[in-house]
Amino acid sequence: MLSLKYLQENKEEAIKALSIKNFDATQIIDQVIELDEKRKSTQAKLDNTQAEMNSLSKEIGMLFKSGKADEANAAKAKTGELKESISELNTEMTDAISQLNDLLLKIPNIPHPTVPAGKGEEENVIERTEGEMPNLYEGAIPHWELAKKYNIIDFELGNKITGAGFPLYRGKGAIFQRALINFFLDENRKAGYEEVIPPLMVNEASGYGTGQLPDKDGQMYHATEDNLYLIPTAEVPVTNIYRDVILKAEDFPIKNTAYSACFRREAGSYGKDVRGLNRLHQFDKVEIVQLQHPDKSYEALDTMVAHVESIIKKLELPYRLLRLCGGDTSFTAALTFDFEVFSAAQDKWLEVSSVSNFESYQANRLKLRFKEKNEKKTQLAHTLNGSALALPRMVAALLENNQCAEGIRIPKALIPYTGFDMID
RNA sequence: GGAGAGAUGGCAGAGUGGUCGAAUGCGGUAGUCUUGAAAACUAUUGUGCGGCAACGUACCGGGGGUUCGAAUCCCUCUCUCUCCGCCA
C-alpha cells in the first residue's frame with residue numbers, strides 16, 4: 001500500500017497519476033487524510049489520558065508502600081473516570097486505524113511517469129520487436145497436437161488424474177521441462193541471483209504481505225483445514241523471506257531466484273485462450289526477485305529486463321517487449337514490462353514474462369525497511385520481480401516454432417541440458 | 001494421532017503484580033590503546049505513533065479479562081520444541 005505521508009504531501013500529484021490507472025482517487029484520498037487527522041487528535045487525547053493514569057498509578061503504589069492507605073484509596077477513586085475515557089478513546093483509535101488501513105488497501109500503486117495511458121492490453125506500447133519469424137513448414141500444427149503426436153504432454157491423463165489444466169509431461173516432454181528449469185536457474189545464478197527452494201504453501205500473513213490477500217482471495221487454492229494457500233507464484237514465499245526485516249543500505253541489492261510449481265484457480269477464464277498450455281492451473285515458473293535501494297530500483301528494473309531478454313535470445317525465439325499501459329499494469333506495480341514470444345503455429349504472441357518494479361508498495365505491507373549507514377530512521381525498501389521465465393508458453397512457442405518434418409529441434413543452448421537434439 | 005514443555009530485544013537468557021522498555025552475556029556501532037590488526041578497556045546499540053524539540057505513548061507470540069497498576073495472575077487462539085505412534 002501507499003504510505004500515508006506520501007498521500008498527504010502529494011495529494012494532487014497522486015490523483016493525477018492514479019488517473020493513468022483509470023482510478024479516481026479524489027474522494028478516497030480526502031477520506032484518508034480526514035481519517036488520519038481524526039486518528040492523530042484521538043491519539044493526542046489518548047496519550048495524555050494515559051500519561052495521567054500512569055502517573056496516578058505510580059503515586060498510588062508509592063502511597064501504599066509508605067503506608068498511607070487512606071490517601072491511596074482516595075486516589076483510587078479518581079481512576080474510574082480516566083479508565084472509562086481511555087477505553088472509549090482506545091476504541092475510537094482502533095476504529096480509525098482499521099478504517100484507514102482498509103482505505104489504503106483500496107488505492108493502487110502510483111504508476112511511474114513513463115506508464116502510458118490506456119484501458120487494456122491493446123494500448124500497451126511495443127518497445128521493440130526482435131528475432132526472426134520462423135518459416136513454418138507446410139505440415140505445421142499447434143503445440144497441443146504436437147504434444148499428442150510425439151507423446152510428450154498428455155492433457156487427457158491430467159484430466160483423469162486431477163482435472164483440466166493439470167497436464168502430465170512424459171518422456172522427452174518431461175526431460176525438456178526439467179532442462180528448461182535448470183537452464184533458467186543457471187542463467188539466473190550466473191547473473192548473481194541466489195537460488196532458493198521455497199515452500200509451495202504459504203500462511204495468511206504471507207498472502208497479505210505480497211498483496212494476494214485479501215483482494216485475490218479466489219485466485220489461490222486454499223487448504224481450509226490448515227488455512228494454507230498454494231502459491232500462485234514463487235514471488236509470494238520468496239518476497240516474504242524479507243517480511244518484517246530491517247536491512248542495512250549496504251545489503252542492497254538482494255537477489256533471489258526460485259523455481260516453483262505455481263497454482264492458479266483462474267476462476268472465470270475460459271475459451272480458446274485456455275487451449276493447450278496457454279493457461280493452466282498448475283505450471284512451472286522460475287522467478288527472480290530483487291530488493292533495492294529506492295534510488296537504484298529503476299536501474300535494477302532495466303538490468304532485469306535485459307537479463308530476461310538475454311535468456312529469450314539464447315533460445316532463439318522471436319519476441320517483443322511491451323511497456324504496459326495504465327489499465328493493464330497490476331494494482332501493486334508502478335511499472336511493468338512484459339515479454340511476449342511469437343508462437344508461430346497459433347500465429348499468436350504469448351506472454352512469458354512480466355517484470356515489475358513495485359517501489360515501496362509491497363514493502364510497506366511487508367514492513368520491509370532499511371537503514372542508511374549512520375542514520376536511525378528507517379525507510380521502505382523497493383521490491384522488484386520478474387519471471388525468468390514461465391515455462392508453459394515458452395514450451396508452446398519452442399515446440400511450434402522448431403517443428404520440422406523430422407520432429408522438433410531443440411535450441412542449441414538447451415542441448416547440454418536435454419541430452420538430445422530432437423524430439424521425434 | 002496421544003502425552004508433556006515452552007513463546008521475552010539481532011541471538012542466548014534473567015525477570016513471577018509497582019521506579020521494567022526490561023538484568024547479564026554474545027553480537028553490532030563508535031572510540032581509546034596499537035605501525036596495522038587482534039586482545040583489552042570505554043561508550044553506545046529495539047520498533048511504531050504524536051511532537052521543531054524536551055518529551056509523551058504503545059509494544060515481552062495474537063486476542064480478551066482481573067487490577068489503581070500486568071512481561072508477571074486468569075481465559076482463549078496460534079505457533080514451536082521434546083517423547084510415543086505412523087511414515088518418504
Side-chain angles (χ1 to χ4, degrees), chain A residues 1-9 32-101 103-104 197 199-209 213-214 222-229 237 240-252 254 261 291 360 363-381:
Chain A
M1 57 190 183
L2 294 170
S3 82
L4 201 54
K5 206 172 166 204
Y6 169 82
L7 289 173
Q8 284 163 338
E9 289 169 4
V32 162
I33 292 172
E34 204 176 302
L35 258 173
D36 188 52
E37 291 300 324
K38 195 187 159 205
R39 195 213 94 232
K40 271 190 205 169
S41 67
T42 311
Q43 189 183 341
K45 276 188 241 165
L46 179 62
D47 280 0
N48 286 334
T49 318
Q50 280 184 148
E52 212 177 314
M53 187 67 152
N54 286 345
S55 71
L56 198 55
S57 292
K58 235 170 228 177
E59 224 173 278
I60 292 171
M62 302 285 247
L63 287 171
F64 271 123
K65 240 181 208 168
S66 54
K68 297 176 185 165
D70 304 352
E71 285 180 50
N73 284 322
K76 258 199 207 180
K78 281 197 273 181
T79 59
E81 209 177 306
L82 286 174
K83 225 179 169 178
E84 202 170 305
S85 63
I86 284 174
S87 103
E88 268 171 38
L89 288 166
N90 241 326
T91 321
E92 253 180 73
M93 247 322 245
T94 44
D95 282 357
I97 289 172
S98 80
Q99 280 176 44
L100 195 55
N101 214 30
L103 285 180
L104 284 173
I197 300 179
L200 301 183
M201 296 181 106
V202 295
N203 57 27
E204 241 181 345
S206 294
Y208 277 97
L213 293 174
H222 186 193
T224 50
E225 183 130 13
D226 299 291
N227 200 23
L228 296 173
Y229 294 85
N240 271 285
I241 295 172
Y242 306 99
R243 169 155 49 87
D244 286 318
V245 165
I246 300 176
L247 299 161
K248 296 188 203 122
E250 58 266 34
D251 293 336
F252 293 127
I254 288 179
L291 311 187
S360 60
N364 199 17
R365 270 207 212 185
L366 288 163
K367 296 209 187 67
L368 162 54
R369 294 160 291 174
F370 73 97
K371 270 188 203 171
E372 214 71 70
K373 209 176 166 70
N374 298 325
E375 273 185 38
K376 253 198 108 171
K377 191 83 189 127
T378 60
Q379 300 179 54
L380 292 170

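In the text below, chain A, chain B and the rest are named by the order of the sequence lines, each starting its count at 1. Just so it is clear, the structure is predicted and the values come from calculations on it, not from any experiment.
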Can you give the donor-acceptor pairs under 3.5 Å from side chains of residues 201-209 of chain A to other protein atoms, not counting sequence neighbours?
from	atom 1	to	atom 2	distance (Å)
A:Asn203	OD1	A:Ala205	N	3.4
A:Asn203	OD1	A:Ser206	N	3.0
A:Asn203	OD1	A:Ser206	OG	3.2
A:Glu204	OE1	A:Asn227	ND2	3.3
A:Ser206	OG	A:Arg243	NH2	2.9

Using a 3.5 Å cut-off and no angle test, enumerate the donor-acceptor pairs between side-chain atoms of residues 51-63 of chain A and protein atoms at least two apart in sequence or in another chain.
from	atom 1	to	atom 2	distance (Å)
A:Asn54	ND2	A:Gln50	O	3.4
A:Ser55	OG	A:Glu52	O	3.1
A:Ser57	OG	A:Met53	O	3.1

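For residues 72-85 of chain A, there are no side chain to side chain donor-acceptor pair (under 3.5 Å) pairs, not counting sequence neighbours.
Scored by the side chain to side chain contact (heavy atoms under 4.5 Å, CB included) test, A:Lys45 finds A:Leu89 as partners (sequence neighbours excluded). Looking at residues two or more places apart in sequence or on another chain, you find a side chain to side chain contact (heavy atoms under 4.5 Å, CB included) between A:Lys5 and A:Ser3, A:Glu9. For the side chain to side chain contact (heavy atoms under 4.5 Å, CB included) test, residues two or more places apart in sequence or in another chain that qualify with A:Thr378 are A:Ile246, A:Arg369, A:Lys371. Every salt bridge (Lys or Arg N to Asp or Glu O under 4.0 Å) that A:Arg39 has, sequence neighbours left out, goes to A:Asp36. Among residues two or more places apart in sequence or in another chain, the side chain to side chain contact (heavy atoms under 4.5 Å, CB included) test is passed with A:Leu247 by A:Val245, A:Asp251, A:Phe252, A:Ile254, A:Leu291, A:Leu368, A:Phe370.
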N/O to N/O distances under 3.5 Å, protein versus nucleotides 72-78 of chain B:
none

Which protein N or O atoms sit under 3.5 Å from an N or O of nucleotides 17-22 of chain B?
from	atom 1	to	atom 2	distance (Å)
B:rG18	N2	A:Ser57	O	2.8

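Set against B:rU47, B:rU57, B:rC68, the side chain of A:Thr378 has B:rU47 as its closest nucleotide.
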Symbol by symbol from the 5' end, with Watson-Crick or G-U pairs under 3.5 Å, [ ] crossing and | another strand, RNA chain B is ((((((((.[[[..)..(.....]]]((((((.......))))))(((((....))))).[[[[[..)....]]]]])))))))....
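Of the residues in residues 42-50 of chain A, those lying under 4.0 Å from RNA chain B by heavy-atom distance are A:Gln43, A:Asp47, A:Gln50.
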